[in-house]
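Report on one structure; see the data block that follows.
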2 protein chains.
Amino acid sequence: MNELSNLDIAIVEDDQVVREGLKDYLQSEAFTKNVWAVESMELFFESISKGKSADVILSDIGLPGMSGIEGIKLIREKLKKSDIIMLTVFKDENRIFKSLCAGATGYLLKDTPFEEIKQAIYIIRNGGSFMSPAIARKVVEHFNPLPQNSDNNLTAREKQIIQGMVDGLSYKLIADRLGISIDTIRYHIKNIYNKLQINSRTQLLNKSFRGEI
Amino acid sequence: MNELSNLDIAIVEDDQVVREGLKDYLQSEAFTKNVWAVESMELFFESISKGKSADVILSDIGLPGMSGIEGIKLIREKLKKSDIIMLTVFKDENRIFKSLCAGATGYLLKDTPFEEIKQAIYIIRNGGSFMSPAIARKVVEHFNPLPQNSDNNLTAREKQIIQGMVDGLSYKLIADRLGISIDTIRYHIKNIYNKLQINSRTQLLNKSFRGEI
DNA sequence: TGTTCCACTACATCTTTGTGTAGTTTTGTT
DNA sequence: AACAAAACTACACAAAGATGTAGTGGAACA
């Protein structure tokens, strides 16, 4: 791993103990040039517009005024080369994915030891990414959701029809594909929609994309 | 972090040096009960059916016969409580996401030091997850893809119409929502489909779900 | 003023989708 | 054999979707 130096680090954290403690720790590290800390996103942007810079931003989510997640989006536009690491108590999937979708490159829980925060900064500035293990688990499980509830008891034929729908085929083309009549397609679709309690192809597609069928 | 003990660990790796080296290392660790190694997935399943067990499976991807990824899917069905960690040279997104979607709970690159593999096992068996930093970066960036090519130049109004389509609304309901006539909806949809070179709502939805618009 | 882009509206027409009703055949189980 | 479930087929009809043609008005710009 390459050595780092001269990093400007910004901390956005409303809890004073954490803010000052982390600032003191990082300031004492040789790889940092300037470490500054503010208690809100608004103050962060104010400092940026006054000329302060930040290679790495450590940001809480629950902040007074603008939330950390909202702040990321704006940071993403203004500071293209900065890395944003969430440092927060929140471990719900909603906030995890909103943060990642907004552009965070790291996600650490609040109880992460300072030494590990430093390691995460190293890793991230070297092109990698780091998440607290529990966060990484949720991210990994996002890609392999638990087997869906199959009590909608679709038959094999019905699943074939659904696939044709998802593939964007008209009833006629699905019928051609399966070698049956278009009226049989309609018959099956009637049953499918009843089982799934929907009444349009769009709803079917939404369910499919969400992994519900 | 809780101490672990009595773990059965299986290694599926066709490179003999890595396979034996890793087996020797893990066997010497106090938290392992039994460490066994095979050179293919087929042999892995053969051993399982003969009564061997595995709490953690360390698996390569490029294996003779059945690939590691195909193996995960089968393992996922047979061994619900096992953790599968990929240990591989491949760092392409295709394989990363296929592995995660198949159910892997960790993903390590081949050059990961043995000590770090051990730490990853600890983390994963304690409910977390661990990925090599470069892998984690690709996973994180998956959630914040680069800004999409916007040269389909949809107008603001067209985007509103698309949103109504994605929400599953009929033309009539979209018209109601926007306070315009249904003929205007049709007019916009004609333009939208021309710009996107599609001709059905399903194709529009597919593009939307893929993030192309 | 003229041009371009955008939004809005209307009409016409054909295709596709969705739902109800009715009946036959096939397959699997008891 | 009887029964249930699944699959297949047909007809009817209304609503929704897709596409072409035509026209008006507003905003921005040269």
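Sequence lines set the chain letters: A, B, ... in the order given, protein chains first and strands last, and positions in each chain run from 1.
Heavy-atom distances to DNA chain C give each of B:Gly179 and A:Asn199 a nearest nucleotide, and the one nearer the 5′ end belongs to B:Gly179. Between B:Thr184 and A:Ile198, the one whose closest nucleotide on DNA chain C sits nearer the 5' end is B:Thr184.
In this structure, A:Lys190 atom NZ and D:dA6 atom C1' are separated by 15 Å, rounded to whole Å. Summarising the geometry, the separation between CD1 on A:Ile185 and C1' on D:dC11 is reported as 17 Å, rounded to the nearest angstrom. Rounded to whole angstrom, the span from the CG atom of B:Asn194 across to the P atom of D:dT21 amounts to 12 Å. Distance CD1 (A:Ile192) to P (D:dC8): 11 Å, rounded to an integer number of Å. Regarding A:Tyr187, its OH atom lies at a distance of 8 Å from the P atom of D:dA6, rounded to whole Å. Atoms CD1 (A:Ile189) and C1' (D:dC8) sit 14 Å apart, rounded to a whole Å. Atom CG of B:Asp176 and atom C1' of D:dA16 are 14 Å apart (whole Å). Between A:Ile182 atom CD1 and D:dA12 atom C1' there is a gap of 15 Å when expressed in whole angstrom units.
Ion pairing between A:Arg177 and A:Asp167 holds under the 4.0 Å rule for side-chain N and carboxylate O. Look at A:Asp176 and A:Lys172 and you find a salt bridge, because one of the NZ, NE, NH1 or NH2 atoms lies within 4.0 Å of a carboxylate O, short of that distance. A salt bridge links A:Lys110 with A:Asp60; the closest basic N to acidic carboxylate O contact falls under 4.0 Å. In this structure, B:Asp83 pairs ionically with B:Arg125, as a charged nitrogen and a carboxylate oxygen lie closer than 4.0 Å. Look at A:Asp92 and A:Lys138 and you find no salt bridge, because none of the NZ, NE, NH1 or NH2 atoms lies under 4.0 Å from a carboxylate O.
Direction of the helix axis in the helix from C:dT1-D:dA30 to C:dT30-D:dA1 shifts by 40° between the two five-pair termini, rounded to 10°.
Sorted pairs that involve residues 63-74 of chain B and meet side chain to side chain donor-acceptor pair (under 3.5 Å), not counting sequence neighbours, are lacking altogether.
Taking the six-membered ring for Trp and thresholds of 30 and 60 degrees, B:Phe143 and A:Phe97 have ring planes inclined between 30 and 60 degrees apart.
Nucleic acid contact for B:Arg186: base, since at least one base atom lies under 4.0 Å from a heavy atom of the residue. Base contact: A:Asp183 has a heavy atom under 4.0 Å from a base atom. As judged by a 4.0 angstrom heavy-atom cut-off over every strand, B:Ser181 is placed among residues touching the sugar-phosphate backbone only. B:Tyr193 comes within contact range of the sugar-phosphate backbone alone, with a heavy-atom separation under 4.0 Å but no base atom that close. Within 4.0 Å (heavy atoms only), A:Asn191 reaches no atom of the nucleic acid at all.
Under the 6.0 Å cut-off for aromatic ring centres, B:Phe31 and B:Tyr122 qualify, their centroids lying closer than that.
Contact annotation: A:Arg157 does not reach the phosphate of D:dA7 (side-chain N/O to OP1 or OP2, under 4.0 Å).
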*Stepwise, does the salt bridge (Lys or Arg N to Asp or Glu O under 4.0 Å) test hold for B:Glu158 with B:Lys195?*
CA-CA 10 Å; B:Glu158 285 164 350; B:Lys195 285 181 183 178; 2.7 Å; yes
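To the nearest 0.5 Å, atom CD1 of residue A:Ile85 and atom OG1 of residue A:Thr105 are 6.0 Å apart.
Chain A approaches DNA chain C over the interval C:dT17 to C:dT21, counting the first and last nucleotide 5' to 3' with an atom under 4.0 Å from its heavy atoms.
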